[in-house]
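Here is the structure we will look at.
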Amino acid sequence: MTITTQSLIRWSGPAVIIAGLSYALVGVFHPPNIVASVTTPLWMVVHVLAMTTSIFGLVGLSGLYARQAEKTGWLGLAGYVLLSLWLALILGFTFVEVFILPPLATAAPAFVAGWLGMFNGTSSTLDLGSLPTVWTITGPLYILGGLLFGIATFRARILPRWAGVLLAVGAAMGPVAALLPLDLQPKVAVPVGFALIWLGYSLWSERRTKSVAPATHAADVSGLTPAPAV
Amino acid sequence: MITTPNLIRWSGLAAIAAGLIFAGIQPIHPADVVESVTTNLWTIIIGLKFVMCLFFLVGITGIYARQADKAGWLGFAGFALLVVSWWLLTGFVFVEFFVLPVVATPLPGFVESALGVANGHSGAMDIGAFVPAYAVVGVCYLLGGVLFGIATVRAAVLPRWPAILLAVAAIITPAAALLPHALQRYAAVPMGIALIWLGYSLWSERRGKVAAAPAGRPADLAA
């Protein structure tokens with residue numbers, strides 16, 4: 001099988017599905033942000049899943065965006081860039097939660113408690129420098145990125161419009177988390193996770209005739225057999 | 001106008017930026033010691049490294065997408081390994097940038113151990129999976145670079161010399177471990193140059209060639 005730009009974009013569908021699924025699972029199973037959690041197996045599993053969201057999200061979102069780039073214009077590009085930045089920063093935070101917090105839970109509980117304080121609202125005894133600010137920035141990146149990318153997807157009419165709406169609404173619901181009790185807060189991830197699964201599945205399952213058509217470089221087209229109409 | 005070929009072309013600029021930072025910071029990179037992490041130079045250099053990682057991911061995606069149909073599974077494997085390597089590296093750089101300066105005073109032992117993954121001296125504190133994770137970065141960087149370089153040469157879409165340089169730069173990286181740490185850094189320079197070169201060729205491809213492609217579906221063009 002030849003790898004064409006179209007099949008690459010199509011294959012990014014499963015990546016988006018994995019990102020969405022892992023993100024929804026993180027939302028459902030995230031343990032409370034307390035020092036006692038960080039040495040549990042559940043903590044490890046959930047944060048490895050969150051790292052999975054970031055790598056598959058970064059790759060998959062590129063495909064999701066490339067599929068509809070021409071139609072979504074600057075709105076889509078802005079949403080794509082903001083969401084990618086969010087995924088990159090989330091990688092940093094989850095990387096620390098997987099690799100740094102567990103070994104430090106005994107050696108430096110004050111650091112771990114201070115770190116978790118960024119999420120559960122308690123103040124840190126240790127000066128965390130710019131970290132709390134960066135964590136705060138991830139909020140608007142996520143909300144604006146999801147909102148813009150969702151609206152752009154809705155307007156582009158290439159992928160299911162309602163998946164775009166779900167993404168936009170799910171991301172916009174982010175601040176609602178602050179009103180929920182601590183243990184329910186991660187659940188706000190679930191609608192966005194479903195929106196991603198939906199978008200990824202439609203990217204993957206688009207009728208091949210539709211997605212295989214043009215989009216290769218003129219010079220490459222000679223080797224391409226037109227796909228039969230289904 | 002935002003079209004797939006144009007996006008791919010613009011990603012060349014990201015590759016150039018990543019390559020410039022990667023090669024450019026090596027001569028002025030502060031020593032990987034506890035005293036360095038609270039200096040301004042550390043903040044600047046490591047901040048640039050974080051940006052470099054993001055640009056690399058965008059750039060390599062574009063370089064791969066441009067030649068995906070010719071680079072085959074070898075190219076895909078190289079691309080996937082490079083993405084894993086630089087994605088994980090982004091996590092390490094995040095720690096160097098945001099965490100190490102904060103804990104340098106209360107936890108110098110931890111900082112020493114964390115820097116040990118880069119400078120080869122294992123610190124006193126056990127830092128768990130942090131060390132093997134860095135080995136994964138190294139293996140993926142090496143294998144990914146070699147496979148991606150070979151695939152790029154065989155695809156013959158982009159110039160072959162930067163592709164050969166990419167593969168060779170990846171191979172010599174472990175050999176650099178035989179050198180003193182201060183010199184090891186310079187193994188990054190040929191890799192940076194290869195990225196700049198590939199990025200530039202992606203960016204400067206004759207517009208006629210790239211833009212001529214009908215990049216939208218018929219349905220899109222009609223609208």
Side-chain angles (χ1 to χ4, degrees), chain A residues 1-5 7-9 51 54-55 58-59 62 65-74 76-77 84-85 88-89 91-96 98-100 102-104 107-108 110-111 114-115 126-131 134 157-158 210-211 213-221 223-224, chain B residues 1-8 50 53-54 57-58 61 64-66 68-73 75-76 80 83-84 87-88 90-95 97-99 101-103 106-107 109-110 113-114 125-130 133 157 208-210 212-221 223:
Chain A
M1 191 187 89
T2 316
I3 302 175
T4 61
T5 312
S7 62
L8 264 190
I9 290 178
M51 284 183 74
S54 100
I55 190 168
L58 282 168
V59 172
S62 297
Y65 171 61
R67 175 68 189 88
Q68 45 179 354
E70 288 163 51
K71 282 283 184 178
T72 55
W74 295 104
L77 182 64
S84 296
L85 272 178
L89 286 177
L91 160 69
F93 281 92
T94 50
F95 183 92
V96 171
V98 168
F99 291 109
I100 308 277
L104 285 191
F111 173 75
W115 177 278
L126 199 74
D127 178 15
L128 291 175
S130 53
L131 272 169
V134 178
R157 293 173 180 269
I158 292 175
K210 243 169 111 183
S211 52
T216 24
H217 302 285
D220 304 339
V221 171
L224 203 74
Chain B
M1 189 189 154
I2 304 178
T3 59
T4 313
N6 271 341
L7 283 175
I8 291 176
F50 192 71
C53 289
L54 304 185
L57 289 170
V58 173
T61 305
Y64 173 61
R66 174 64 187 91
D69 47 354
K70 294 273 176 10
W73 292 103
F76 179 74
V83 166
V84 169
W87 164 79
L88 259 183
T90 312
F92 280 93
V93 176
F94 182 94
V95 171
F97 189 70
F98 290 111
V99 179
V102 170
V103 295
L107 294 168
F110 167 75
S113 293
M125 187 187 274
D126 174 17
I127 48 172
F130 197 73
V157 174
K209 214 170 138 192
V210 180
R217 295 188 294 119
D220 301 344
L221 294 173

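Each chain gets a letter, A, B and so on, in the order its sequence line appears, and its residues count up from 1.
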Please report the shortest heavy-atom distance between [X] and [Y], naming the atom on each side.
{"X": "A/Pro103", "Y": "B/Asp126", "value": "CB-O, 3.9 Å"}
{"X": "A/Phe111", "Y": "B/Leu107", "value": "CB-CD1, 4.5 Å"}
{"X": "B/Val99", "Y": "A/Leu131", "value": "CG2-CD1, 4.4 Å"}
{"X": "B/Val102", "Y": "A/Gly129", "value": "CG2-N, 3.9 Å"}
{"X": "B/Ala68", "Y": "A/Leu8", "value": "CB-CD1, 3.5 Å"}
{"X": "B/Thr3", "Y": "A/Glu70", "value": "CA-CG, 3.6 Å"}

To the nearest 0.5 Å, tell me how far [X] [atom1] sits from [Y] [atom2].
{"X": "B/Phe94", "Y": "A/Thr94", "atom1": "CZ", "atom2": "OG1", "answer": "8.5 Å"}
{"X": "B/Ile2", "Y": "A/Trp74", "atom1": "CD1", "atom2": "CH2", "answer": "4.5 Å"}
{"X": "A/Leu58", "Y": "B/Leu54", "atom1": "CG", "atom2": "CG", "answer": "8.5 Å"}

Less than 4.5 Å apart, any side-chain heavy atom of A/Val59 and any of B/Trp87? no
Of the backbone (N, CA, C, O) and the side chain (C-beta and beyond), which part of [X] lies under 4.5 Å from a heavy atom of chain B, both, or neither?
{"X": "A/Ile55", "value": "both"}
{"X": "A/Ser84", "value": "neither"}
{"X": "A/Phe93", "value": "both"}

For chain B, the option from A/Leu104, A/Leu126, A/Val96, A/Asp127 that forms the most heavy-atom pairs under 4.5 Å: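 Heavy-atom pairs under 4.5 Å are most numerous for A/Leu104.
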Between B/Gly75, B/Ala129, B/Gly109, B/Gly128, which has the largest tally of heavy atom pairs under 4.5 Å with chain A?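 Of B/Gly75, B/Ala129, B/Gly109, B/Gly128, B/Ala129 has the most heavy-atom pairs under 4.5 Å with chain A.
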Select, from B/Val58, B/Val93, B/Leu57, B/Leu88, the one with the greatest count of heavy-atom pairs under 4.5 Å involving chain A.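 Counting heavy-atom pairs under 4.5 Å, the top option is B/Leu88.
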Heavy-atom distance under 4.5 Å to chain A: side chain of [X], backbone, both or neither?
{"X": "B/Phe92", "value": "both"}
{"X": "B/Val84", "value": "both"}
{"X": "B/Phe110", "value": "side chain"}

Show the numbers, then the answer: is there a side chain to side chain contact (heavy atoms under 4.5 Å, CB included) between A/Phe95 and B/Thr90? CA-CA 9 Å; A/Phe95 183 92; B/Thr90 312; over 6 Å; no
Check side-chain hydrogen bond (donor to acceptor under 3.5 Å, both in side chains) between B/Thr61 and all other residues, then give those that pass, not counting sequence neighbours. none
